[in-house]
Student: 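Attaching a single structure in C-alpha cells format; questions to follow.
Counting starts at 1 for both ligands and their atoms, in listed order. All values reported here derive from a predicted model rather than from experimental measurement.
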Amino acid sequence: MTTSYSELGLVNTRDLFAKAVKGGYAIPAFNFNNMEQLQAIISACSEVQSPVILQVSKGARQYANQTLLKYLAKGAVEYAKEIGGGRNIPIVLHLDHGDSFELCKDCIASGFSSVMIDGSHHSYEDNIALTKQVVDYAHQFDVTVEGELGVLAGIEDDVQAAAHVYTQPDEVEDFVSRTGVDSLAISIGTSHGAYKFKPGQKAEIRLDILQEIEKRIPGFPIVMHGSSSVPQEYVAIINQYGGKMSDAVGISEAQIREATKSAVCKVNIDSDGRLAMTAAVRKVFATKPEEFDPRKYLGPARDELKKLYMHKCVDVLGSNGHAFD
Ligand code: G3H
Ligand code: 13P
Ligand code: ZN
C-alpha cells in the first residue's frame, strides 16, 4: 500500500531549509530506532518549539520494521499535536544514507517526506546519474532529496573510508545544477561515530572549505553529517559503570554553532543520543542491580535524551522558537 507523507501529517524540507538559511540556524536531524528515542525527540522539540527531522537509516528501518515505522511517524505527529495543544511542530521523516534508487522509492511509498541518496562512494559521474534518477522520481511526489559530495572518514553504513575526501568547492555548482537536489551533504572533516579524531590530532573541522562551498552556491541548503560532539560527561559515566570507550572525541559545539550561522541548515546527530542512552542505562544497571523492569532503565535513558535534544536545539543549532515562523 502506498502512503503519501501528507496523509501522515509530515512535511518535506523545502520551506524549513529556506527559513533556516535565512535565519542563521539549523534544523536538527536526530536518528531514531525505537519508541523511547522518538518520544524524547518529539517532546524535546515540541517543548522548545523547534522543527525536527526524524532520521531513519537503512539499518534502523530493518530494525524497527517499515510498517511500524510509518505508524510511529504518524503517532509522532499526533503526540506533537497533543503537546502543542492541537498544533504540531513541523516534522520531516527522512531516509538517512539511502544507498539505492529502490530503497528511496520504497521509503517514498511508505510515507517518507525526504530521502538522502548517498552516491558519494561512486565516481563523480555515477553519483550525478544516481542522484538525478532519485530526484526525478521523488519530485513527482514532492519529496525532497539530499545528495552528498565528498566522503567522510570512518564508517558510513557498510562502507569504510580510510581518510576524508573533502568536498571540492569546484564541483558543487555543477553537481547541484545537474542533479536538481534540494540540499547537499558535504565533507569538511566531520565523521560518523564516537571517535572522530585520533589522540593528539587537532579536533577541528574545515570551516574554510565550507566558506568556499558557500561562495559557489550562495544560500543553497547545506547538510553536515557526523556532527555529534561526544559529551565527555557521558563517556565518563559509561567508563565509570563498566563501559570501555577510550579516546572518544567529537566536534566541538562551538564549531557546529559557527557552521549553522551560514547555509548549513541540517545537522545530523546520532552518536550523542547513543551515548546519553548508554550512560543512563549503565548507571541504573550498576547502581540498582535489583531492577529488571525495562521502564526503570529506559525511562531514565529517555529523560537524558530529552535533555540532550533540548540542549542541541537551544544552545547549538539555534532552532528553538522557529517551529511556527
Ligand atoms: O550515519 C549513520 C547513522 O549514525 C546511522 O547509523 O546505520 O548504525 O543506523 P546506523
Ligand atoms: P554522528 O555519528 O556524529 O552522530 O553522525 C550521525 C550522522 O551523520 C547520521 O547520518
Ligand atoms: Zn551521516
Student: For the residue pair F175 and Y124, categorise the inter-ring angle as parallel (less than 30°), tilted (30 to 60°) or perpendicular (more than 60°).
Tutor: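 Ring orientation, 0 to 90° scale: tilted.
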Student: Can you say whether the rings of F30 and Y309 are parallel (under 30°), tilted (30 to 60°) or perpendicular (over 60°)?
Tutor: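 Correct class here is tilted.
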Student: Any idea which residues sit under 4.0 Å from ligand 2, heavy-atom distances?
Tutor: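 Residues N31, Q55, D96, H97, S191, H192, G193, K196, H225, G226, S227, S228, N268, I269, D270, S271 each place a heavy atom under 4.0 Å from ligand 2, listed by chain and number.
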Student: Would you call K306-E47 a salt bridge at under 4.0 Å N-O?
Tutor: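 Yes.
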Student: Would you name the N/O/S atom of H97 that lies closest to the Zn ion (ligand 3)?
Tutor: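 So the atom name we want here is NE2.
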Student: Please identify which of these residues, H192, K58, E146, Q55, meets the side-chain hydrogen bond (donor to acceptor under 3.5 Å, both in side chains) condition with H97.
Tutor: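 Of H192, K58, E146, Q55, side-chain hydrogen bond (donor to acceptor under 3.5 Å, both in side chains) with H97 is met by H192 alone.
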Student: With a heavy-atom distance limit of 4.0 Å, tell me whether N31 approaches ligand 1 through its side chain, its backbone, both, or neither.
Tutor: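 Within the 4.0 Å criterion, N31 contacts ligand 1 through side-chain atoms alone.
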Student: Are the aromatic ring centres of Y297 and F285 under 6.0 angstrom apart?
Tutor: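 When the ring centroids of Y297 and F285 are compared, they turn out to be within the sub-6.0 Å range.
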Student: Have a look at H225 and say which of its N, O or S atoms is nearest the Zn ion (ligand 3).
Tutor: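 The Zn ion (ligand 3) is closest to the H225 atom ND1, counting only N, O or S.
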Student: Going by atom types only, do H121 and E148 share a side-chain donor-acceptor pair under 3.5 Å?
Tutor: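 There is no such pair between these side chains.
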Student: Between R61 and ligand 1, which residue portion shows a heavy-atom distance shorter than 4.0 Å: side chain, backbone, both, or neither?
Tutor: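 Contact part for R61 vs ligand 1: neither.
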Student: Tell me whether R257 is salt-bridged to E253, with the criterion being a basic N under 4.0 Å from an acidic carboxylate O.
Tutor: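 Looking at R257 and E253, the cut-off is not met.
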